[in-house]
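Worksheet: the structure to be examined is printed underneath.
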Amino acid sequence: MSNKVRVRFAPSPTGGLHLGGVRTVLYNYLFARHHGGEFVLRVEDTDQTRFVEGAEDYIVKCLEWCGLNPDESPQKGGPFVPYRQSERKHLYYQYAQQLVDAGHAYYAFDTPEELERKRNDLAKDGNPGTNFQYDSSTRGSMRNSLSLNNQEILELLDKNTPYVIRIKMEHGKTITFTDMIRGEITFDTSLVDDKVLLKADGMPTYHLAVVVDDYLMKITHAFRGEEWLPSAPVHLMLWDKLGWKDSMPQWAHLPLILKPDGHGKLSKRDGDRLGFPVFAMDWYDPKTGDTTKGFKEIGFLPEAFVNMLAMLGWNPGMEQEIFSLEELVQHFSIERVHKGGAKFDYEKAKWYNQQHIHQSSDEKLLPLVKPYLTEHGVNTDDAYLLKVIALIKERCTLLPDFWDQGHFFFKTPEIKELDTIKGKWDDNKKNFFNTWTEGLKSLTDWNHTAIEHTFNDHLQQHNLKKGDILLPLRIMLVGGKYGPGVFVIAEMIGKEETVKRIGQAVGLL
RNA sequence: GGCGCGUUGGUCAAUCGGCUAAGACGCCUCCCUUUCACGGAGGAAUGACGGGUUCGACUCCCGUACGUGCUACCA
């Protein structure tokens, strides 16, 4: 079994791609790359009622944005084509039938309504919170190929009665397996119900499909969320009874990503409620017409997003926290993934982005920043933008901050802090600005040191201190109390604009 | 209710029997900066509880509590 490592991400295309989903992709990807293996994308679209237009395409785009491209996928193809379970429909029946023939599965004719009623009845007169289980204790009283006689079964089949195929869980056996993250895990098979394997519409359920496809696609390691742990015994038994035990992948059940406040799994609603994205990219839901904000659109760098997600539940055991994708690949190991769920912390997420912005070259940032200028009707040449980026990138956390922190380099700002100047305004200061700007007009060498020199000279002449004037000047040029050095700003925006802004501001006072 | 899984500061977390329990985010103080940041120096803040095992337990075992997941012809 010197098999090449093969892992898969198997989303169902029902909506936006959630943080937890991206992290699952990421761990798959990192594991595959770390071991020089292959990473495949398989679309689990077996539930036709939940199909959402555009969801698959959206998932592919998210992976692309994150830089986590699969080696095989519905789009790229590969040796195990097709990669969409709906297109593999014909494959599953034979395996379900194989299990029926061997006595490990059976036909069940109970209608959804009958089952529903059964559950309701039990909830009514029974203990609340108790659920009806279709298992070894109840299957004898249900309508299935185990309880009915051959004649009855044949009749039902003859009349084309819809049926499902259910697994016949063994009674009183202990199933154990070793999870790569959690170690040994044990189940009592009597407590697991007879899950549906093949639905009445001929589609497999997740339970049958994962096992069959993981086998057929030669998957060596299967990573999925912790919520799948309770159904693991079903899958284990399937691998066993289908006779594929020797090629069963190694399992790893990933911890959940939890709400930052309170408790429970992180959901899209938490993002809306608490004001942060939960999806990788903007998701437009064709059913509701709503768009949910994504990390990309809110201004995250994909490498920061991925870095942050990697560290949410995994730790390399060293002090370094900022990693490139390549470095993550190098250091990743599934054994170092945490067992416990992690609460998502948006503040920390933003910190990762800030760090990655700081580390990015101005050239790399340029194309990412540009759209935010265009959005505000600004068209500028790259050389100038590059200088601006260098000046302000250390005060930017999210990409839109480049506009908030740098707009005054491109447009005359609205003076929002006029009151700050007004409070201590007098004729002497007014005089200072008037005579200084006059002098500025004849300044031939327009650079920040020269500007600062004339500034200092004029201060003395007017018997003013730097502290009296510096902040007013900043507000006149910037509009507020922020930004890089004032004289550098003056140099950047040019003589004319500088004189103009001061003049206009003085006029307002 | 049943079953599974989990539990180190507010959050992410290191530790694989020697702990005076790292580091990061956030928070607070100070320095740098006559703006805002960046950066630097400090500070407050942690092993759920109870039993074992052991010379020694955050680390191993057992209970309890709490949390969380599953309990669909959904994934």
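Proteins come first, then strands; the chains are lettered A, B, ... in the order of their sequence lines, and each starts at number 1. Atom set for the values below is all heavy atoms of this structure, side chains included, hydrogens, waters and symmetry mates excluded.
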Quiz item: Can a salt bridge be assigned to the pair A:R474 and A:E417 using a cut-off of 4.0 Å between side-chain N and carboxylate O?
Solution: no
Practice problem: For A:P162, report the nucleic acid contact type (base, sugar-phosphate, nothing); a contact means any heavy atom under 4.0 Å. | Solution: nothing
Practice problem: Give the nucleotide from the list B:G4, B:A75, B:C36 with an atom nearest to the side chain of A:L229. | Solution: B:G4
Self-check item: Watson-Crick/G-U partner (both atom distances under 3.5 Å) of B:A22
Solution: none
Practice problem: Would you classify A:K339 as touching base, sugar-phosphate or nothing, given that sugar-phosphate means primed atoms plus P, OP1 and OP2, and contacts are heavy atoms under 4.0 Å? | Solution: sugar-phosphate
Quiz prompt | Shortest side-chain distance from A:K348, nucleotide among B:C73, B:C5, B:C25 | solution = B:C25
Quiz item: Nearest to the side chain of A:K343 - B:C73, B:U11, B:C38?
Solution: B:U11
Quiz item: What interatomic distance, in whole Å, is found between P of B:G40 and the corresponding atom of B:A24?
Solution: 10 Å
Self-check item: Salt bridge flag under 4.0 Å for residues A:D213 and A:R8
Solution: no
Quiz item: With rounding to whole Å, what would you report as the distance between B:C5 and B:C61 at their P atoms?
Solution: 13 Å
Exercise. Under 4.0 Å between any heavy atoms, over every strand shown, what does A:G483 touch: base, sugar-phosphate, or nothing? Just pick one.
Key: base
Quiz item: Which part of the nucleic acid, if any, lies within reach of A:G225 when heavy atoms closer than 4.0 Å are counted: base, sugar-phosphate only, or nothing?
Solution: nothing
Exercise. Look at the side chain of A:Q133 and decide which nucleotide, out of B:C70, B:G4, B:U71, has an atom nearest to it.
Key: B:U71
Quiz item: So what does A:R50 touch, heavy atoms closer than 4.0 Å: a base, only the sugar-phosphate, or nothing?
Solution: base
Quiz prompt | Nearest-angstrom distance, C1' atom, B:C16 to B:A75 | solution = 36 Å
Quiz item: What is the distance from CG of A:D261 to P of B:C12, rounded to the nearest Å?
Solution: 13 Å
Practice problem: Under 4.0 Å between any heavy atoms, over every strand shown, what does A:E44 touch: base, sugar-phosphate, or nothing? Just pick one. | Solution: sugar-phosphate
Quiz item: What's the closest nucleotide to the A:I185 side chain, out of B:C5, B:C73, B:G69?
Solution: B:C5
Quiz item: With a non-hydrogen cut-off below 4.0 angstrom, is A:D110 in contact with a base, only sugar-phosphate, or nothing?
Solution: base
Practice problem: Please say whether more than 12 non-hydrogen atoms of neighbouring residues, nucleotides or ligands are located less than 6.0 Å from NZ in A:K424. | Solution: no
Quiz item: Picking from A:K259, A:K343, A:K265, what satisfies salt bridge (charged side-chain N to carboxylate O under 4.0 Å, His left out) with A:D270?
Solution: A:K259
Exercise. Mind calculating the distance between NE2 (A:H235) and P (B:A75) to the nearest angstrom?
Key: 11 Å
Exercise. May I ask which nucleotide in the shown strands pairs with B:A13, Watson-Crick or G-U wobble, both distances under 3.5 Å?
Key: none
Quiz item: Is A:T111 touching bases, backbone alone, or none of the nucleic acid, heavy atoms closer than 4.0 Å?
Solution: base
Quiz prompt | Residue A:D345, side-chain heavy atoms: nucleotide from B:U71, B:C5, B:C25 that is nearest | solution = B:C25
Quiz item: Across all strands shown, which nucleotide pairs with B:U35 by Watson-Crick or G-U wobble geometry, both distances under 3.5 Å?
Solution: none
Quiz item: For A:L197 and B:A75, what is the distance between atoms CG and P respectively, to the nearest whole Å?
Solution: 12 Å
Exercise. Take atom C1' in B:G67 and the same atom in B:A72, then report the distance between them in whole Å.
Key: 25 Å
Quiz prompt | For atom NZ of A:K118 and atom P of B:A72, their distance in whole Å | solution = 15 Å
Practice problem: Could you work out the separation of B:U20 and B:C25 based on their C1' atoms and round it to a whole Å? | Solution: 25 Å
Practice problem: Remember a base hit wins even if backbone is also touched, and classify A:F187 as base, sugar-phosphate or nothing at under 4.0 Å, heavy atoms. | Solution: sugar-phosphate
Quiz item: Quick one: is A:R336 getting a side-chain N or O under 4.0 Å of the B:U15 phosphate, OP1 or OP2?
Solution: yes
Quiz item: Are A:K393 and A:D362 close enough for a salt bridge, meaning some N to O gap below 4.0 Å?
Solution: yes
Quiz item: Roughly, in whole Å, what's the span from CD in A:Q320 to P in B:A24?
Solution: 14 Å
Exercise. Go through the N and O atoms of the side chain of A:K195 and the base of B:A72, and report whether any donor-acceptor pair is under 3.5 Å.
Key: no
Practice problem: If B:U29 has a Watson-Crick or G-U wobble mate with both distances under 3.5 Å, name it; if not, just say none. | Solution: B:A41
Quiz item: Which nucleotide in the list B:A14, B:C12, B:C25 gets nearest to the side chain of A:L312?
Solution: B:C12
Self-check item: Check: B:C36 base within 3.5 Å donor-acceptor of A:R395 side chain
Solution: yes
Quiz item: OP1, OP2 of B:A14 versus side-chain N and O of A:H338: anything below 4.0 Å?
Solution: yes
Quiz item: Would you call A:R501 and A:E497 a salt bridge, using N to O less than 4.0 angstrom?
Solution: yes
Quiz item: Mind checking whether A:R42 and A:P70 have side chains closer than 4.5 Å, heavy atoms only?
Solution: no
Quiz item: Closest nucleotide of RNA chain B for A:W314 versus for A:L191: which of these residues is on the 5' side?
Solution: A:L191
Quiz item: Tell me: CZ of A:F132 to C1' of B:G2, nearest whole Å?
Solution: 15 Å
Exercise. Write down the distance separating the C1' atoms in B:U53 and B:U68, rounded off to the nearest Å.
Key: 30 Å
Exercise. Check every strand shown and say whether A:K350 touches a base, only sugar-phosphate, or nothing at a heavy-atom separation below 4.0 Å.
Key: nothing
Practice problem: Ignoring backbone atoms, establish whether A:K265 has a side-chain N or O less than 4.0 Å from OP1 or OP2 of B:C70. | Solution: yes
Self-check item: OP1 or OP2 of B:C38 under 4.0 Å from side-chain N/O of A:Q354
Solution: yes
Exercise. Quote, to the nearest angstrom, the C1' distance that separates B:U8 from B:A21.
Key: 8 Å
Exercise. For A:A349 and for A:F344, locate the closest nucleotide of RNA chain B by heavy-atom distance; then report the residue assigned to the nucleotide nearer the 5' terminus.
Key: A:F344
Exercise. Have a look at A:V196 and say if it touches a base, only the backbone sugar-phosphate, or nothing, with a 4.0 Å heavy-atom cut-off.
Key: sugar-phosphate
Quiz item: Whom does B:A75 pair with, Watson-Crick or G-U wobble, provided both distances fall under 3.5 Å?
Solution: none
Quiz prompt | Watson-Crick or G-U wobble partner of B:C70, both distances under 3.5 Å | solution = B:G2
Self-check item: Other residues, nucleotides, ligands: >12 heavy atoms within 6.0 Å of A:N456 CG
Solution: yes
Practice problem: Look at all strands and tell whether A:T14 reaches a base, only sugar-phosphate, or nothing, counting heavy atoms closer than 4.0 Å. | Solution: nothing
Practice problem: Among the candidates B:U34, B:A22, B:G6, find the nucleotide nearest to the side-chain atoms of A:E319. | Solution: B:A22
Exercise. For the side chain of A:D193, starting at C-beta, report the closest nucleotide among B:A75, B:U71, B:U11.
Key: B:U71
Quiz prompt | Test log, rule side chain to side chain contact (heavy atoms under 4.5 Å, CB included), inputs A:I167 and A:H104 | solution = CA-CA 6 Å; A:I167 187 170; A:H104 296 123; 5.7 Å; no
Quiz prompt | C1' spacing across the pair B:U59 / B:C19, given as an integer number of angstrom | solution = 11 Å
Quiz item: Side chain of A:A200: nearest nucleotide among B:C73, B:U35, B:A13?
Solution: B:C73
Quiz item: Does B:A65 have a Watson-Crick or wobble mate here (both distances under 3.5 Å), and if so which one?
Solution: B:U7
Practice problem: To the nearest 0.5 angstrom, please state how far the OG atom of A:S324 sits from the CD atom of A:Q359. | Solution: 9.0 Å
Quiz item: What does A:G313 touch in the nucleic acid at a heavy-atom separation under 4.0 angstrom: a base, only the sugar-phosphate, or nothing?
Solution: sugar-phosphate
